[in-house]
Peer 1: 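Mind looking over this structure? Questions follow.
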Amino acid sequence: MSSLVLSFQEMENTQLSLVGGKGLNLGKLSKIQGLHVPEGICVTTLGYQKAIEQNETFHALLDQLTLLNVEDRNQIGDISRKLRQILMDVEIPSDVVKAVTHYLSQLGFEHAYAVRSSATAEDLPHASFAGQQDTYLNIIGKEEILQHISKCWASLFTDRAVIYRMQKGFDHSQVSLSVIIQRMVFPQVSGVLFTADPITSNRKLLSIDASFGLGEALVSGLVSPDCYKVKEGKIVDKRITTKKLAINGLKEGGVVTQPINPDQQSTQTLTDQQVLQLAHIGRQIEAYFGSPQDIEWCLVDDTFYIVQSRPITTLYPIPKANDQENHVYVSVGHQQMMTDPMSPLGLSFYLLTTPAPMRTAGGRLFVDVTPMLEMVVNTLGQYDPLIKDALMTVLERGDFMKSVSNDIKAPSPSRNNTNMLAEIENIPTIVSDLIKRNQTSIDELKQNIQMKSGSDLFDFILDDIQQLKKILFDPQSSAVIKAAFNTSSWINGKMNEWLGEKNAADTLSLSVPNNITSEMGLALLDVADVIRLYPEVIAYLQQVKDDNFLDDLVKFDGGQETQDAIIAYLNKYGMRCAGEIDLTKTRWSEKPTTLVPLILGNIKTYEPGAGKRKFEQGLQVALKKEQELVHRLKQLPDGEQKAVEAKQMIRLLRNSIGYREYPKYGMINRYFVYKKALLKEAKQLVQAKLIPEKEDIYYLTFEELHEVIRTNKLDYQIITKRKDEYKFYEKLTPPRVITSDGEIITGQYKRENLPDNAIVGLPVSSGVIEGRARVILNMEDADLEDGDILVTSFTDPGWTPLFVSIKGLVTEVGGLMTHGAVIAREYGLPAVVGVENATKLIRDGQRIRVNGTDGYIEIV
């Protein structure tokens with residue numbers, strides 16, 4: 001057996017680096033009993049490497065290509081063209097020619113062959129690379145086949161393949177190409193079979209596309225294929241199109257596009273029996289590979305031939321259940337305003353903290369809402385219409401859920417929704433008392449954890465998490481938050497009903513007391529006020545890159561004052577950061593340079609005293625709105641009673657709504673204390689040479705890390721594998737709602753009378769503002785000017801310092817009571833959230849109008 005050429009039957013499972021993804025999969029397919037796979041061989045990557053190893057020009061060009069980015073299109077095109085030419089001109093090594101000749105003489109030179117590229121970075125579980133390299137059909141004769149081997153090698157450097165590798169993070173110099181030479185079949189019908197529906201991701205729904213002739217017509221978009229959907233052995237949907245053209249093979253070699261006989265154009269390509277037979281083959285292949293597959297097939301004289309199978313890489317993983325029942329899962333990230341993946345350690349801490357029935361998938365958290373579906377529709381649906389609409393879709397399907405309780409009613413936004421409402425109204429210190437208790441508990445934790453290490457530390461953290469849960473789910477605390485939600489809903493409902501006033505609670509929530517997150521944004525303005533007095537310090541801060549910059553501040557006039565102000569800020573807020581629910585994310589205290597551009601921006605944009613002035617202005621607007629509403633209510637029938645009731649509810653709103661942000665602040669505070677203690681343990685693991693860097697512990701769960709500390713043993717392959725998985729998860733877009741079938745259910749906004757071309761979302765903070773859109777995906781890239789409108793995927797409390805500089809907010813995720821909405825209302829920023837694909841629909845620098853009252857954006 002030559003390692004330069006292998007037949008499909010000779011390939012081993014471990015030979016990806018020799019035969020590439022496509023070749024390896026064909027080798028596996030050819031060994032499935034009862035499956036018809038056209039026979040063939042693979043010219044391995046050793047032939048490609050042998051052809052180029054001595055070519056200095058080739059390697060010099062490859063080095064140049066490695067230095068380029070996706071944006072360097074012209075240079076990419078120029079270098080790629082030169083590389084292709086070298087590969088077309090290079091002599092195929094004589095031992096490769098000899099091996100190919102030997103194998104083809106056995107298969108028969110008289111036959112026609114498909115010559116197909118198979119790259120080592122292709123048809124992989126996490127990256128398909130579909131269509132990136134070239135395929136040549138109906139090639140006849142030894143010389144033609146050898147020429148097309150060179151053409152396949154050259155296709156490794158088409159512009160599209162090079163750019164795709166750059167986007168996926170593959171090193172050009174590490175990617176090799178093998179060439180498949182496979183016996184041609186000339187089908188009456190061919191097409192593609194997805195064993196999971198590519199539109200909805202439903203794993204139980206197979207999707208078959210079929211057209212006449214060779215599959216090239218379908219793949220190239222020349223024809224609209226017939227489409228068949230099969231579920232559990234039954235055809236559930238069928239779309240028959242008019243197919244005017246087909247690509248067929250020529251006797252002398254090559255292919256030709258031909259018109260289809262008009263009588264045949266609208267006929268069904270496959271009989272129902274053939275559709276079900278093909279679906280059965282698809283399930284057989286899926287079971288063999290252990291994951292949903294994208295399969296290319298041909299039908300010749302009533303026999304199905306399989307010519308390719310690759311994993312479907314675009315599917316979102318399904319949260320795992322412990323039974324075979326149907327389940328519905330709701331994304332936690334869409335509620336917590338952090339849809340990025342979390343590390344294994346971050347996930348395990350969140351799971352230890354929450355009592356909710358949670359599952360992980362794709363590095364994200366999902367709540368299994370199946371047992372409480374209607375209650376979730378009624379409660380969560382109040383604040384997130386997209387989730388409500390998606391869940392209603394599930395409820396309205398009689399065949400999915402076995403039984404759901406129908407006797408759970410939506411909570412009424414009445415004044416008497418909790419037993420503690422009167423207590424909250426009558427004890428003005430209830431919120432400050434809750435805050436004080438929380439802070440005392442954190443101070444005790446910081447003191448006590450210092451003495452803990454090894455297994456004792458892990459036991460101590462587990463005990464303290466019980467204390468954290470008591471604080472998070474304290475009935476008094478929950479009652480205050482519930483009162484805030486319900487009073488807001490009551491005020492909006494009644495003011496609209498009685499006065500025709502929309503979203504009155506938004507204005508009444510301006511500058512409320514005890515909102516730790518909005519205070520954090522204003523406090524950074526106070527830090528700017530300290531620093532603005534010292535030009536030397538400002539000049540120094542403008543060029544800092546190192547996170548130890550605080551140590552050198554004392555060299556400058558005003559440096560001590562600046563250091564004190566920043567450290568005081570970090571002592572109170574330094575545990576925060578973007579994506580903060582993941583304990584492993586870098587905190588401001590760990591990377592204080594994150595705050596420097598924001599401070600400098602505040603110095604440039606605002607006059608001294610802006611923080612206090614903003615708060616006072618908001619307070620006056622809220623008080624004025626209250627006086628205006630009360631005055632108007634008194635003019636109505638029963639006006640005095642309505643006014644008294646409204647005043648009570650406004651007081652309750654202002655006393656309770658700020659606290660909504662505090663429990664999470666307390667949780668993140670504790671997380672940071674845990675993190676610092678665990679990183680001390682990680683230093684010991686580095687010293688013991690179990691891990692090269694302390695951040696490697698982020699890729700272990702809490703329980704796994706405890707075991708490593710206890711035994712001083714670790715299989716580092718686990719961490720390597722988890723890092724690769726995390727990179728893959730970063731590329732996935734998590735769904736709001738997903739079922740146990742893997743179906744992603746998207747909700748729709750039900751809205752009428754909107755302007756043409758309006759981009760629709762959820763209105764969460766009233767007002768209309770026009771300005772420049774700043775599309776920012778990473779807080780550290782923010783370059784904002786006063787009056788800009790922030791457009792981003794999501795904002796959590798770590799984004800709050802930016803809010804003082806903007807005039808409006810647009811996010812892709814979020815609901816009425818998620819962080820961005822609450823802070824936008826408090827700062828008086830018109831805001832629309834839950835805008836699908838906002839960061840793609842709106843371009844950076846465009847002038848846009850945000851209508852936070854009715855929930856839409858217009859491109860001006």
Side-chain angles (χ1 to χ4, degrees), residues 29 34-39 110-116 130-131 134-140 182-200 205-285 293-309:
L29 285 166
L35 206 66
H36 298 280
V37 178
E39 59 191 347
E110 72 278 10
H111 299 305
Y113 291 89
V115 183
R116 312 166 71 191
D134 288 345
T135 289
Y136 301 95
L137 301 175
N138 202 22
I139 308 302
I140 300 172
Q182 187 176 22
R183 176 93 175 264
M184 274 293 291
V185 291
F186 296 97
Q188 290 85 44
V189 182
S190 59
V192 182
L193 158 62
F194 294 96
T195 64
D197 185 50
I199 307 300
T200 66
L205 194 64
L206 290 102
S207 182
I208 298 170
D209 285 353
S211 64
F212 293 116
L214 290 164
E216 203 65 16
L218 189 157
V219 173
S220 63
L222 195 64
V223 295
S224 294
D226 289 352
C227 183
Y228 308 93
K229 306 273 188 186
V230 180
K231 187 175 183 182
E232 294 169 345
K234 292 179 185 169
I235 298 172
V236 293
D237 192 32
K238 193 190 292 186
R239 191 185 72 236
I240 310 303
T241 63
T242 303
K243 301 158 288 289
K244 295 182 178 178
L245 298 169
I247 294 178
N248 297 306
L250 294 167
K251 276 187 181 175
E252 64 274 18
V255 295
V256 64
T257 302
Q258 296 173 321
I260 294 171
N261 187 311
D263 296 343
Q264 193 189 4
Q265 287 179 4
S266 297
T267 59
Q268 195 168 312
T269 44
L270 297 173
T271 66
D272 286 3
Q273 187 181 350
Q274 287 170 336
V275 169
L276 294 177
Q277 184 190 349
L278 184 57
H280 176 73
I281 293 169
R283 286 289 181 232
Q284 187 185 357
I285 294 170
Q293 296 288 302
D294 165 0
I295 300 162
E296 293 180 21
W297 55 268
C298 298
L299 180 65
V300 184
D301 300 328
D302 212 30
T303 298
F304 283 107
Y305 288 86
I306 304 302
V307 294
Q308 189 169 332
S309 186

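Hydrogens, waters and symmetry mates are skipped; everything else that's a heavy atom, side chains included, is used. Just so you know, these numbers come straight off a predicted model, no measurement behind them.
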Peer 1: I need the R283 CZ to L278 CG distance, nearest 0.5 Å.
Peer 2: 11.5 Å

Peer 1: If we only count heavy atoms from C-beta on, is the L137 to E216 side-chain gap below 4.5 Å?
Peer 2: yes

Peer 1: Tell me, please, which residues at least two apart from F194 pass ring pair (Phe, Tyr, Trp, His ring centres under 6.0 Å).
Peer 2: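 In terms of ring pair (Phe, Tyr, Trp, His ring centres under 6.0 Å), with neighbours along the sequence ignored, F194 is linked to no residue.
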
Peer 1: Kindly indicate whether the side chain of V307, heavy atoms from C-beta on, has any atom under 4.5 Å from the side chain of P38.
Peer 2: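 A side-chain contact under 4.5 Å exists here.
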
Peer 1: Hey, are the side chains of I139 and M184 touching, using non-hydrogen atoms and a 4.5 Å cut-off?
Peer 2: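 Not in contact.
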
Peer 1: Would you mind reporting whether F212 and T267 have side-chain heavy atoms less than 4.5 Å apart?
Peer 2: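 Yes - at least one pair of side-chain heavy atoms lies under 4.5 Å apart.
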
Peer 1: Going by the rule side-chain contact (heavy atoms from CB on, under 4.5 Å), which residues pair with Q258 if we only count those two or more places apart in sequence or in a different chain?
Peer 2: N248, V256

Peer 1: Which heavy atom of P187 sits nearest a heavy atom of L214, and at what distance?
Peer 2: CD-CD2, 3.5 Å

Peer 1: Drop me the distance from L218's CG to I247's CD1, to the nearest 0.5 angstrom.
Peer 2: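 Output value for this atom pair is 10.0 Å.
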
Peer 1: For S266 and T242, indicate whether the former's side chain and the latter's backbone hold a donor-acceptor pair under 3.5 Å.
Peer 2: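 Not confirmed, S266 side chain does not pair with T242 backbone.
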
Peer 1: Could you tell me the separation between the CG atom of N138 and the CZ atom of F186, rounded to the nearest 0.5 Å?
Peer 2: 4.0 Å

Peer 1: V230 and L276: which non-hydrogen atoms are nearest, and at how many Å?
Peer 2: CG1-CD2, 4.0 Å

Peer 1: At their closest point, which heavy atom of G282 faces which heavy atom of I295, and how far apart are they?
Peer 2: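 Distance-wise, the nearest heavy atoms are CA-CD1, 3.9 Å.
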
Peer 1: Roughly how far, to the nearest 0.5 Å, is the NE2 atom of H111 from the CD atom of E39?
Peer 2: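 The NE2 atom of H111 is 7.0 Å from CD of E39, to the nearest 0.5 Å.
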
Peer 1: Run Q274 and D302 through side chain to side chain donor-acceptor pair (under 3.5 Å) and show every step you take.
Peer 2: CA-CA 8 Å; Q274 287 170 336; D302 212 30; 2.8 Å; yes

Peer 1: Is there a side-chain contact between F304 and L35 (heavy atoms, below 4.5 Å)?
Peer 2: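 Of all side-chain heavy-atom pairs linking L35 with F304, none is under 4.5 Å.
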
Peer 1: Could you give the side-chain donor-acceptor pairs of residues 222-229 under 3.5 Å, partners two or more places apart or in another chain?
Peer 2:
from: D226; atom 1: OD1; to: T241; atom 2: N; distance (Å): 2.9
from: D226; atom 1: OD1; to: T241; atom 2: OG1; distance (Å): 3.4
from: D226; atom 1: OD1; to: K243; atom 2: NZ; distance (Å): 2.7
from: D226; atom 1: OD2; to: Y228; atom 2: OH; distance (Å): 3.2
from: D226; atom 1: OD2; to: K243; atom 2: NZ; distance (Å): 3.4
from: D226; atom 1: OD2; to: T269; atom 2: N; distance (Å): 3.0
from: D226; atom 1: OD2; to: T269; atom 2: OG1; distance (Å): 2.9
from: Y228; atom 1: OH; to: T269; atom 2: N; distance (Å): 3.4
from: Y228; atom 1: OH; to: T269; atom 2: OG1; distance (Å): 3.0
from: Y228; atom 1: OH; to: L270; atom 2: N; distance (Å): 3.3
from: K229; atom 1: NZ; to: D197; atom 2: OD1; distance (Å): 2.5
from: K229; atom 1: NZ; to: S207; atom 2: OG; distance (Å): 3.4

Peer 1: Atom CG in D209, atom CD in E296: separation rounded to 0.5 Å?
Peer 2: 11.5 Å

Peer 1: Which heavy atom of I208 sits nearest to which heavy atom of A279, and what is that distance?
Peer 2: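 Shortest heavy-atom contact: CD1-N, 4.3 Å.
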
Peer 1: Looking at side-chain heavy atoms only, is the closest gap between I285 and T195 below 4.5 Å?
Peer 2: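 Not in contact.
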
Peer 1: More than 12 foreign heavy atoms under 6.0 Å from CD of E110: is that the case here?
Peer 2: yes

Peer 1: Going from CG on L206 to NE2 on H280, what distance comes out if it is rounded to the nearest 0.5 angstrom?
Peer 2: 11.5 Å

Peer 1: Grab the two heavy atoms, one from Q265 and one from I260, that are nearest each other, plus how far apart they are.
Peer 2: NE2-O, 3.1 Å

